Amino acid sequence: MYELKQIIQKYELNAKKSLGQNFILDTNLLNKIARMALAGIKHDTVLEVGPGPGGLTQALLEQGDFSMTAVEKDERCVKALSELASDFPNRLTILNEDALLFDEASLGKDICVVANLPYNVSTVLLVKWLKKIDLFSGLTLMFQKEVADRLLADANDEAYGRLSVLTKWLADVSCLMILPPAVFSPAPKVTSALVRIQPKKTRAAGFSFDTLSKLTQAAFNTRRKMLRVSLKALGLSADEIIQLCASANIEPTFRAEQVTVDQFCLMAKWFEDYLCAK
Ligand code: SAM
């Protein structure tokens, strides 16, 4: 039987800040997170990123008989997790890899991702997964609350930005739980939030991720400036910016934070068509 606290002692898994290690040790909480993470999402194939000492991994495995892959960068944790794998024969594959480099497509499609993310790479991982969103049946991810706020924000919200637009274009986002620092060991400085990212079945099309990314980067880089100024970073003339804004029925005097996700999508389509025709 895998006893989390004993495993941490046995393998001397003192938390490493450089790997964003803030472990959850409370079994009740881990079970609650695991239940929420799998509820309503196809989970024949589960991918956990950063299993650490394996508390959440164990809670997930106890929820059903699906098979799981866990990608962990810390070799010490990988050794500890081999004990958990032998408690659940043929169900847990542990890979000692960097999740930033891991090819999720190697697991097939309809992957259910669950992760208490290392906060230092959480947004880089999210953007990586958004770019291949069609691989996933759903993602349940722990972020620092400040990042979760950005994912959940709508136009005119203070936290609204590039990440809000890219995420909401592709997925429905909801907050499942807010967690205070004290539930982690060691306690981080910030509050955390468990977020569900559910890929949309239909979404605005006719442009690439990179085009929307470039457009939102230019618009939000100088978010207090009007679009007629900020969008010059795309290499467009004043007249072209007027046409780009008109494609979404907005004024060049708007600021990025006033532009809705749908309007950014209309602009991305116009921009991509325009570049192709040029
Ligand atoms: N899942 C465990 C839990 O909830 O207690 C640990 C979560 S801890 C916040 C983040 C985990 O991600 C750590 O185990 C850390 O070693 C791992 N990690 C950090 N960077 C990683 C990377 N680039 N690829 C894979 N794992 C990584």
Side-chain angles (χ1 to χ4, degrees), residues 2-38 46-63 68-85 88 92-104 106-107 111-129 132 139-148 176-196:
Y2 198 78
E3 286 294 340
L4 193 53
K5 284 181 186 152
Q6 285 173 17
I7 288 286
I8 289 174
Q9 272 186 354
K10 179 173 166 187
Y11 289 90
E12 299 179 0
L13 302 179
N14 53 312
K16 284 189 183 168
K17 208 174 170 188
S18 60
L19 286 171
Q21 292 183 336
N22 299 98
F23 303 136
I24 303 179
L25 307 178
D26 176 342
T27 314
N28 289 331
L29 177 60
L30 289 165
N31 288 335
K32 191 173 168 188
I33 294 172
R35 271 198 308 277
M36 286 181 132
L38 301 178
V46 175
L47 167 64
E48 187 190 1
V49 169
L56 183 56
T57 323
Q58 182 179 25
L60 286 164
L61 286 165
E62 285 169 354
Q63 298 293 316
M68 264 187 82
T69 300
V71 177
E72 172 58 61
K73 196 171 172 184
D74 187 344
E75 206 176 333
R76 302 171 309 158
C77 297
V78 171
K79 284 190 186 129
L81 288 161
S82 63
E83 290 202 25
L84 184 60
F88 292 89
L92 176 61
T93 305
I94 307 150
L95 302 176
N96 189 191
E97 285 189 37
D98 184 338
L100 294 168
L101 306 176
F102 179 64
D103 176 16
E104 294 81 2
S106 64
L107 302 178
I111 306 162
C112 168
V113 182
V114 183
N116 173 15
L117 289 173
Y119 291 157
N120 44 353
V121 289
S122 65
T123 54
V124 183
L125 280 170
L126 175 64
V127 170
K128 175 184 181 230
W129 292 331
K132 35 177 120 168
L139 304 98
T140 304
L141 308 172
M142 187 83 72
F143 291 100
Q144 47 192 110
K145 186 172 172 298
E146 174 266 329
V147 174
L176 302 181
M177 211 193 294
I178 302 284
L179 296 99
V183 303
F184 299 88
S185 174
K189 288 201 177 76
V190 293
T191 299
S192 299
L194 187 67
V195 174
R196 164 68 54 86

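This structure is a prediction, so every number in the text was calculated from the model and none was measured. First listed ligand is number 1; within each ligand, the first listed atom is number 1. In what follows, every heavy atom counts, from backbone to side chain, and hydrogens, waters and symmetry copies are set aside.
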Check your understanding: Checking side chain to side chain donor-acceptor pair (under 3.5 Å) against Tyr11, which of Glu83, Lys79, Arg76 comes through?
Key -> Glu83

Exercise for review: Can you figure out which of Ala59, Ser185, Gly20, Ser18 has its heavy atom closest to atom 8 (S) of ligand 1?
Suggested key: Gly20

Practice item. Run down the list Leu95, Ile8, Ile24 and name the one with the heavy atom closest to atom 5 (O) of ligand 1. Key: Ile24

For ligand 1, is there an N or O atom under 3.5 Å from any N or O atom of [X]?
X      : value
Gln21  : yes
Asn22  : no
Val121 : no
Leu30  : no

[X] neighbourhood, listing ligand 1 atoms whose heavy-atom distance to it stays under 4.0 Å:
X      : value
Ala99  : 22 (C), 23 (N), 24 (N), 25 (C)
Val71  : 25 (C), 26 (N)
Leu117 : 9 (C)
Glu48  : 1 (N)
Glu97  : 24 (N), 25 (C)
Asp98  : 22 (C), 23 (N), 24 (N)

Practice item. For ligand 1, indicate whether the residue Asn120 contacts it via side chain, backbone, both or neither (heavy-atom separation under 4.0 Å). Key: neither

Point to revise | Mode of Pro51 contact toward ligand 1 - side chain, backbone, both, neither (heavy atoms, under 4.0 Å) | key: backbone

Report the nearest protein non-hydrogen atom to [atom]: residue, atom name, distance rounded to 0.1 Å.
atom                    : value
atom 17 (C) of ligand 1 : Glu72 OE2, 3.4 Å
atom 3 (C) of ligand 1  : Asn116 ND2, 3.5 Å
atom 12 (O) of ligand 1 : Gly50 CA, 3.2 Å

Check your understanding: What residue pairs, at least two apart or across chains, pass side-chain hydrogen bond (donor to acceptor under 3.5 Å, both in side chains) with a residue in residues 22-35?
Key -> none

Practice item. Mind jotting down which residue pairs meet the side-chain hydrogen bond (donor to acceptor under 3.5 Å, both in side chains) criterion with at least one end in residues 184-196? Sequence neighbours excluded, please. Key: Tyr119-Ser192, Thr140-Arg196

